[in-house]
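This one's a predicted model, so the numbers in the text were calculated from it and none came from an experiment.
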Amino acid sequence: DASGKKGGGEVYLGGGLHGSLNGLDRLTDVIDISAGTVINADALKNGNGGTIVIWGSEHSGYYGTATARGGASNGNGGLVEVSAGAGVIFDGRVDTTAAKGRVGQLLIDPASVSIGNGAQTADGTYLNAQTIANNLVYTSILIQADNNIDIVEDVNIAMSDFGAPAFDL
């Protein structure tokens, strides 16, 4: 928990933003955040939400809950990055909301990724569109890749599990 009254803190697991060393001797090869894990970098009263980075040079698996919320009185939501030099499995929840400011961002950044309606692949090269939609209620999402982002089938989601508006890809 890196939350603070005057702004959220920073949590770096495996590496820094976009795979930088961020003071580490080396980056983590593989990182998996389990379903019961909760990581907080919230601004509790004033200020912006913090930064949470989950980085694996080869693979990142994310099944937990991360929050980087803006303060109750003022402030914007923070940044949560789940990235890897190769594949990312994303099947968790991120909340970067802000009661009196702008929502923050979730960055998912693998080497290449396909998005569709099926189950995620063990190598992290496929993201389930419903999982992405479920998180749109609590954060803006940027999916970027070093190589390709492919929408592999028609994706039609009328309502997410958390009440997100309908969308098509």
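Closest heavy-atom contact between I115 and A129: CG2-CB, 4.1 Å. Nearest approach of V137 to T97, heavy atoms of both residues: O-CG2, 4.4 Å. Considering all non-hydrogen atoms of both residues, K5 and L44 come closest at CA-CB, 4.1 Å. Nearest heavy-atom pair across A99 and A72 is CB-O, 4.0 Å. Taking every heavy atom of both residues into account, A43 and G7 meet most closely at CB-CA, 3.6 Å. The minimum heavy-atom distance linking A145 with A111 is given by the pair CB-O, 3.4 Å.
No side-chain donor-acceptor contact under 3.5 Å links D150 to the backbone of S112. Under the 3.5 Å distance criterion, the side-chain polar atoms of E81 are left unmatched by any main-chain donor or acceptor of W55. Between the side chain of T125 and the main chain of V113, no donor-acceptor pair closer than 3.5 Å is present. With hydrogens and angles ignored, the 3.5 Å screen pairs no side-chain donor or acceptor of N46 with any backbone N or O of G71. Between the side chain of N128 and the main chain of Q130, a donor-acceptor pair closer than 3.5 Å is present. The main-chain N or O of R93 is found under 3.5 Å from a side-chain atom of Y62 such that the two form a donor-acceptor pair. When atom types are taken as modelled, the side chain of N48 and the backbone of G75 share no donor-acceptor pair closer than 3.5 angstrom.
Here the rule is side chain to side chain contact (heavy atoms under 4.5 Å, CB included) with T96, and of V103, I52, N135, L79 only V103 fits it. Put simply, the residue from T139, D95, D42 that forms a side chain to side chain donor-acceptor pair (under 3.5 Å) with T67 is D42. Checking each of V82, V80, L107 against V94 for a side chain to side chain contact (heavy atoms under 4.5 Å, CB included) leaves exactly one that passes, namely V80.
Taken from CD1 in I33 to CZ in F90, the straight-line distance is 12.0 Å, to the nearest 0.5 Å. The line from CG of L142 to CG of D109 is 8.0 Å long, rounded to the nearest 0.5 Å. Atom CG of N40 and atom CG of D1 lie 4.5 Å apart (nearest 0.5 Å). With rounding to the nearest 0.5 angstrom, the OG atom of S3 is 11.5 Å from the CD1 atom of I39. Summarising the geometry, atom CZ belonging to R26 is positioned 7.5 Å from atom OG belonging to S57; distances are rounded to the nearest 0.5 Å.
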Exercise for the section: Mind running side chain to side chain contact (heavy atoms under 4.5 Å, CB included) on I89 and H59 for me, showing each step along the way? Expected result: CA-CA 8 Å; I89 294 176; H59 167 84; 3.6 Å; yes
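Y12 and L106 fall into different hydrophobic clusters, defined by Ile, Leu, Val, Met, Phe, Trp and Tyr side-chain heavy atoms under 4.5 Å apart, directly or through other members. Follow the hydrophobic side-chain contacts under 4.5 Å out from I132 and you never reach Y63; the two are in separate clusters. Clustering ILVMFWY residues whenever any of their side-chain heavy atoms sit less than 4.5 angstrom apart, transitively, puts I149 in the very cluster that holds I141. Hydrophobic clustering of Ile, Leu, Val, Met, Phe, Trp and Tyr side chains at less than 4.5 Å, counting indirect connections, unites L17 with L27. The cluster map of Ile, Leu, Val, Met, Phe, Trp and Tyr, joined by side-chain heavy atoms under 4.5 Å apart, puts I151 and I108 in the same cluster.
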